[in-house]
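Along the sequence shown, the residues carry numbers beginning at 1. Keep in mind that this is a model prediction, so the values were computed, not measured. Numbering of ligands and ligand atoms starts at 1, following listing order.
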Amino acid sequence: MDKRSFLKTSLLGVAGFIASSFTSNGLTSGLPGRNRMKKNGFTQPDLPYAFDALEPYIDRTTMELHYAKHHAAYTQKFNEAAARLGLMRQPARNILMEVSKYPESIRQNGGGYLNHLLFWNMMSPSGGGLPSGELLEAINRDFGSLENFKGQFTDAAKNVFGSGWAWLIIQNDKLRITTTQDQDNPLMDIAADRGFPILCLDVWEHAYYLNNQNRRYDYINAFWNVVNWEFVAKRFSSYKKRTATSAW
Ligand code: MN
């Protein structure tokens with residue numbers, strides 16, 4: 001196979017994988033709410049733990065407002081925007097992968113809807129600890145060590161200007177840290193760094209201001225105590241096995 005047809009085949013393979021990963025409605029990757037793409041729109045699944053379950057690292061009031069006000073508002077506005085465009089029956093991830101075709105309201109509210117779904121599951125009251133197995137091997141391979149990775153992710157999250165997110169993504173079979181502004185995510189066709197997200201951190205002020213005020217760095221450090229590495233590993237291996245059927 002010459003280089004050109006190899007490249008073409010590889011790209012088709014990636015496109016096919018992404019399409020099959022994100023078109024399935026079988027939500028088996030640890031996210032609650034097995035069918036959030038219903039006829040009547042996009043639903044907000046229950047939090048996988050109580051509002052106060054992440055204390056002392058993330059306080060109850062922040063979690064309650066974040067979930068019941070902010071995420072709920074994105075969900076409602078995404079439904080309204082999607083309804084206007086006749087998109088209610090499409091999986092949210094597919095809409096976002098072609099977000100450049102749609103108005104800003106889809107980008108902002110669809111991003112806000114999906115990003116928070118993932119974020120809630122990235123954390124757990126029994127989280128923290130250390131990643132292991134193939135995920136840890138990949139972190140060591142691509143960042144030198146777990147400590148290096150955490151340092152680089154912390155810096156990236158700290159340095160997001162204004163509102164946005166920090167991400168650990170798989171890009172061309174390598175792990176990479178990236179950030180996005182506002183409610184953009186790495187699946188969007190407008191993202192500078194596209195990839196499959198396996199870990200994310202919301203660094204909007206609404207995610208930490210009540211407890212940490214302007215000290216975003218403290219919030220990021222607290223976050224490491226509740227990271228659900230099991231969930232991250234599940235997303236990592238579902239990508240590796242090309243059997244991803246997660247929500248997005
Ligand atoms: Mn948020």
* Salt-bridge contact Glu80-Lys77 (side-chain N to carboxylate O under 4.0 Å) -> no
* Structure fact -> For the Mn ion (ligand 1) the protein N, O or S atom count under 2.8 Å stands at 4
* Structure fact -> So the side-chain hydrogen bond (donor to acceptor under 3.5 Å, both in side chains) pairs with at least one residue in residues 208-221 (sequence neighbours excluded) are Tyr208-Arg216, Gln213-Arg215, Arg215-Asp218
* Asked: Can you say whether the rings of Phe149 and Trp224 are parallel (under 30°), tilted (30 to 60°) or perpendicular (over 60°)?
  -> perpendicular
* Structure fact -> Residues at least two apart in sequence or cross-chain that pass side chain to side chain donor-acceptor pair (under 3.5 Å) with Trp120, listed by chain then number, are His71
* With sequence neighbours left out, write down each residue that passes side chain to side chain donor-acceptor pair (under 3.5 Å) with Arg60, or none if nothing qualifies. => Glu64
* Parallel, tilted or perpendicular, as decided by the 30° and 60° cut-offs, for the rings of Tyr67 and Phe51 -> tilted
